[in-house]
Student: 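Have a look at this one.
For clarity, every value in this text was computed on a predicted model and none was experimentally measured. Heavy-atom basis, side chains included; hydrogens, waters and symmetry copies ignored.
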Amino acid sequence: MQLKPLARSLAVALSIVVIAGCSSTGGTQDGDSYGSQDGSSMGSSTSGVGTSGQYGSTSGSGAAGQQADSRIPEVRTIYFDYDRDTIKSDYESVVMAHARYLRANPNARVVLHGHTDERGTREYNMALGERRAGAVQRFLNIQGVSPSQMSVVSYGEERPAASGQNESAYSQNRRVVFNY
């Protein structure tokens with residue numbers, strides 16, 4: 001009966017593949033790599049916050065990149081694409097800086113405020129704001145931040161950062177704010 005040794009070999013091979021897949025570095029839920037550099041920039045204050053350049057570019061003087069874990073990171077707002085709740089690769093270094101701060105300060109608490117632009121129904125925007133804040137919460141949790149240090153609030157479209165009915169205003173309203 002040749003089937004038993006073949007099944008055992010396949011099980012071993014599958015285990016090796018799974019272990020190898022679990023040990024990979026980088027990546028997000030939607031497949032983007034942490035260090036992807038597509039040339040887009042959402043402001044110089046979000047670059048270089050990561051360690052050793054793993055989570056973003058390290059161009060510039062490095063003063064912002066040497067953020068002490070005892071201080072709350074300067075950048076407290078991250079922005080999202082239209083109708084999306086996935087963290088942009090441009091902002092992963094910002095979220096990582098908050099994760100480092102929260103891990104180093106176990107008594108610190110943060111409320112993640114989820115916001116949307118005005119397009120869509122009130123109910124849809126409340127849910128989208130909650131999904132955005134929840135995505136940041138899950139990311140922080142994966143980075144080792146205690147769930148007891150975080151809470152989520154969705155404001156939907158109710159508290160816009162910018163007024164207007166154009167893409168510039170909309171893009172400023174699609175955000176999650178870290179409130180310590």
Side-chain angles (χ1 to χ4, degrees), residues 26-50 53-61 63-65 67 71-102 108-143 145 147 149-180:
T28 61
Q29 289 178 342
D30 61 352
D32 292 338
S33 67
Y34 290 126
S36 68
Q37 298 176 0
D38 58 0
S40 66
S41 173
M42 296 303 289
S44 61
S45 62
T46 61
S47 314
V49 180
Q54 182 180 3
Y55 295 101
S57 65
T58 56
S59 59
S61 67
Q67 183 90 42
R71 293 191 338 234
I72 297 173
E74 288 180 31
V75 179
R76 296 188 194 172
T77 304
I78 63 169
Y79 298 92
F80 290 80
D81 287 328
Y82 173 70
D83 204 27
R84 298 292 305 265
D85 60 7
T86 53
I87 299 170
K88 293 179 175 184
S89 60
D90 295 348
Y91 294 106
E92 287 179 5
S93 62
V94 174
V95 181
M96 286 299 299
H98 286 278
R100 282 192 303 278
Y101 170 76
L102 289 164
R109 304 282 184 263
V110 65
V111 180
L112 303 168
H113 294 190
H115 299 270
T116 66
D117 60 37
E118 65 185 47
R119 296 174 287 185
T121 65
R122 183 180 184 283
E123 294 79 15
Y124 180 81
N125 287 337
M126 290 296 286
L128 179 57
E130 186 170 350
R131 287 195 317 269
R132 286 175 174 164
V136 174
Q137 183 181 37
R138 283 188 303 280
F139 188 100
L140 291 169
N141 190 256
I142 289 169
Q143 299 306 317
V145 176
Q149 291 180 268
M150 303 176 283
S151 58
V152 167
V153 174
S154 175
Y155 291 108
E157 63 189 74
E158 301 302 317
R159 295 187 180 184
S163 59
Q165 295 182 330
N166 55 46
E167 185 53 37
S168 175
Y170 294 152
S171 66
Q172 293 177 53
N173 293 329
R174 299 187 300 257
R175 68 197 190 280
V176 167
V177 177
F178 291 79
N179 188 8
Y180 288 94

Student: What's the separation between atom CG in L140 and atom OH in Y101, rounded to the nearest 0.5 Å?
Tutor: 13.0 Å

Student: Working to the nearest 0.5 angstrom, can you tell me the gap between Q165 CD and E118 CD?
Tutor: 4.5 Å

Student: I would like to know whether Y79 and R174 meet side chain to side chain contact (heavy atoms under 4.5 Å, CB included); could you show each step before the answer?
Tutor: CA-CA 6 Å; Y79 298 92; R174 299 187 300 257; 5.8 Å; no

Student: Are the aromatic ring centres of F139 and H98 under 6.0 angstrom apart?
Tutor: no

Student: Give a yes or no on whether R122 atom CZ has more than 12 heavy-atom contacts from other residues, nucleotides or ligands under 6.0 Å away.
Tutor: no

Student: Give a yes/no verdict on a cation-pi contact between R71 and Y180, requiring under 6.0 Å between NZ or CZ and the six-membered ring centre and an angle within 45° of the axis.
Tutor: no

Student: So, are R119 and D117 salt-bridged, with charged N and O less than 4.0 Å apart?
Tutor: yes

Student: Where do G164 and Y170 come nearest, in terms of heavy atoms and distance?
Tutor: O-CE2, 3.9 Å

Student: For the side chain of R132 and the backbone of R84, is there at least one donor-acceptor N/O pair under 3.5 Å apart?
Tutor: yes

Student: Could you check whether any side-chain N or O of Q137 sits under 3.5 Å from a backbone N or O of L112, counting only pairs where one atom can act as donor and the other as acceptor?
Tutor: no

Student: Sub-3.5 Å donor-acceptor pair from the side chain of Q149 to the main-chain atoms of A108, do we have one?
Tutor: yes

Student: Can you confirm whether more than 12 heavy atoms, excluding those of E157, are under 6.0 Å from its CD atom?
Tutor: yes

Student: Search all heavy atoms of V153 against all heavy atoms of A133 and return the closest pair with its distance.
Tutor: O-CB, 4.5 Å

Student: Would a distance-only check, ignoring hydrogens and angles, find a side-chain to backbone donor-acceptor pair under 3.5 Å from R175 to N173?
Tutor: yes

Student: Between D81 and K88, does any side-chain N to carboxylate O distance fall below 4.0 Å?
Tutor: yes

Student: Carefully, step by step, assess V111 and R109 under the rule side chain to side chain contact (heavy atoms under 4.5 Å, CB included).
Tutor: CA-CA 7 Å; V111 180; R109 304 282 184 263; over 6 Å; no

Student: For the side chain of S154 and the backbone of M126, is there at least one donor-acceptor N/O pair under 3.5 Å apart?
Tutor: yes

Student: Provide the closest heavy-atom pair for V145 versus N141 in the form atom of the first, atom of the second, distance.
Tutor: O-ND2, 3.3 Å

Student: Determine whether Y124 and D83 make a side-chain contact, defined as any pair of heavy atoms from C-beta on separated by less than 4.5 Å.
Tutor: yes

Student: Are the side chains of F178 and V95 in touch, meaning some heavy atoms are under 4.5 Å apart?
Tutor: yes

Student: To the nearest 0.5 angstrom, please state how far the OG1 atom of T116 sits from the CG atom of D85.
Tutor: 12.0 Å

Student: If you measure from CD on E158 to CG on N125, what distance do you get to the nearest 0.5 Å?
Tutor: 8.5 Å

Student: Does T77 use its side chain to pair, donor to acceptor, with the backbone of V177 at less than 3.5 Å?
Tutor: no

Student: Over all heavy atoms of both residues, which pair between T86 and F80 is shortest? Give the atoms and the distance, please.
Tutor: O-CD2, 3.3 Å

